[in-house]
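The figures here come from the full heavy-atom set of this structure, side chains too, leaving out hydrogens, waters and symmetry mates.
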Amino acid sequence: MVFGKQIAGMGVVALGLTLAAASAAAQPQTATPVATNQQIPDAPRPQTLPQLNPITPVGPAIPDAPPPANAGAPAKDDQLPPTTSLPAATQETIAPDPDQGPAPELDSKIFKLPTVRVNFVQLPFTVKDSKGQLVPGITWRDVRVFENGKRQQMSVYTTDPFPLSVALVIDQSVDYHTMEKINDSLEALQGAFAPYDEVALFTYNNGVRKQTDFLAAQSARFSAILERSKGKGREPDMAMGGPLDQTQIVNNQIVDPNTTATRNQQGITHYAEKQFHTLNDAILAAAVSLGHMPPGRRRIVYVISDGKEYGSTAHEKEVIRYCQTNNITVYATLVGDSAVPGTEFLDRIHLPFTMRDNALPRYTEATGSGAPDYEFRQGGIEKSFQKITVQARNQYTIGYYSHEAALDDRFRTTEVVVLRPNLTVISKKGYYPTATRTAMPTPVTPSATP
């Protein structure tokens, strides 16, 4: 009995301990704070950025998402027109970015190619009186312009001077007397140009040589190049004659066979040396250099020569066509035998079955500068520089839009008429159309002021 009560008491004690452990596990455990005297600073706050307006880059149009397969697709006969979306081969659905906002709408002007009218024609002309002097004061009311016989409406009329781009061509195949006059007169050449003019220099004898590219006309460098480009000229042919123009013959035998020119010939046959005057090649080389000049300048080839042509690879008609296509005017000062008084009149008269020795009048007439300047003396050559530059700079200029097709590759004749008596109008005979835009001055409405 007593033993049983002890066991029962031990069971009760064990049960009490079990219940106490269970209640302790059920209650939350509270951590005992640790007392400390160190102050911990707060973390820095994030910086507040201002409200930004992001710029959405311009890109191709974003195609719309394709509709569901069974969402009211139209019938085959009622297909919608094609949209401006990407092609089917590269089409993909691009979801818009919510951070960048809606896709921008493209302006139709972004992809529009600029159009430039190339049928504008710029036509300079000169007016002279019966004494050959320039006539100022011509207004737009006095001028009529015709193309292929049809009157054109003027869009531009100006009397403002233009800067000059001059390709100077000097003939070094003349005789040494004429070459000496040209060399001495070159010192007055720079004084004929303005500070805003530019000049390139070409010389020719048996071939063409480019002395310098375009430089300021009044620069010291161009003066040094002029001095370097002075030539010696060509020696004249020695006339054969006299007692020593035949070989020595004794007993019908030639004493010295070295003195005879041809076998079994008693006289000495003299063959003149071939002289090459590559005038066409020189003008073409100068014109090509002017073709790359920017618009807004007068393009001029200025030739100082006797006008003789022989041995060029370029043909005269081809060179004239190139000048007429690129708005290039040829001016010339004739020197040497071609400038003898009376030669100017003879050049206008062409005898049948004879060859013309002077080619420069055809260049000047076809490109719109009139007759060349005939100067035989050094003083006349120096005055010719000033005369030609003044005429080229102070031309009247009209512009109009041609009624012909833009590019038909046919020559178009032009004519300028001034409604005043006893005046001579000098302008080019016509032009060939080109796709290059012509330099057009700022359009000015003709004023009513005379």
pair [X]-[Y]: side-chain heavy atoms closer than 4.5 Å:
X    : Y    : answer
I138 : Y157 : yes
T126 : L134 : yes
Q211 : R228 : yes
L189 : L168 : yes
R234 : N205 : yes
F162 : T397 : yes
I398 : V121 : no

Contacts of [X] that satisfy side-chain hydrogen bond (donor to acceptor under 3.5 Å, both in side chains) - sequence neighbours left out:
X    : result
S185 : none
T313 : D281
Q378 : E382
Y400 : E147

> Who passes side-chain contact (heavy atoms from CB on, under 4.5 Å) against F214, sequence neighbours left out?
Replying inline: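 Here the qualifying residues are S165, E198, A200, S289, L290, M293.
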Strictly by modelled atom types, are [X] and [Y] linked by a side-chain donor-acceptor pair under 3.5 Å?
X    : Y    : value
Y302 : T333 : yes
N327 : R298 : no
S130 : N422 : no
Q386 : T389 : no
S305 : D171 : yes

For [X], what residues pass the ring pair (Phe, Tyr, Trp, His ring centres under 6.0 Å) criterion, not counting sequence neighbours?
X    : answer
F125 : Y396
F146 : none
Y310 : F276

> Crowded around K429 NZ? As in, over 12 foreign heavy atoms under 6.0 Å?
Replying inline: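 12 or below, so no.
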> Is there a donor-acceptor contact under 3.5 Å from the side chain of T367 to the main chain of V330?
Replying inline: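 Yes; judged by distance alone, with no hydrogens or angles, the pair exists.
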> Has the side chain of S338 got a donor or acceptor atom that lies under 3.5 Å from a matching backbone atom of L334?
Replying inline: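 No, S338 side chain to L334 backbone: no donor-acceptor pair under 3.5 Å.
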Would you compute the distance between atom [atom1] of [X] and atom [atom2] of [Y] and round it to the nearest 0.5 angstrom?
X    : Y    : atom1 : atom2 : answer
Q152 : S402 : CD    : OG    : 5.5 Å
I304 : T178 : CD1   : OG1   : 12.5 Å
I283 : Y363 : CD1   : OH    : 4.5 Å
I328 : K428 : CD1   : NZ    : 10.0 Å
L360 : D373 : CG    : CG    : 12.0 Å
Q153 : Y401 : CD    : OH    : 12.5 Å

> Does any pair with a residue in residues 409-431 pass ring pair (Phe, Tyr, Trp, His ring centres under 6.0 Å), and if so which ones, sequence neighbours excluded?
Replying inline: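 Matches after skipping sequence neighbours: F411-Y432.
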> Which pairs with one or both residues in residues 127-136 pass salt bridge (charged side-chain N to carboxylate O under 4.0 Å, His left out), sequence neighbours excluded?
Replying inline: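 Pairs touching residues 127-136 that pass the test: none.
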> Which residues pass the salt bridge (Lys or Arg N to Asp or Glu O under 4.0 Å) test with K210, sequence neighbours left out?
Replying inline: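 Per chain and number, K210 pairs via salt bridge (Lys or Arg N to Asp or Glu O under 4.0 Å) with D213.
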>> Taking salt bridge (Lys or Arg N to Asp or Glu O under 4.0 Å) as the definition, give me every residue that meets it alongside R420, ordered by chain and number, with sequence neighbours left out.
In response: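 For R420, the residues satisfying salt bridge (Lys or Arg N to Asp or Glu O under 4.0 Å) (neighbours in sequence not counted) are D142.
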> Can you name the nearest heavy-atom pair linking H277 to S173, along with the distance?
Replying inline: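 H277 and S173 have their closest heavy atoms at ND1-OG, 2.7 Å.
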>> Between R412 and E404, does any NZ, NE, NH1 or NH2 come within less than 4.0 Å of an OD or OE carboxylate oxygen?
In response: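 Looking at R412 together with E404, the answer is no, because their closest N to O distance does not fall below 4.0 Å.
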>> So if I apply the side-chain contact (heavy atoms from CB on, under 4.5 Å) rule between E316 and each of E309, R321, R362, which one comes out positive?
In response: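 Running side-chain contact (heavy atoms from CB on, under 4.5 Å) over E309, R321, R362 with E316 returns exactly one hit, R362.
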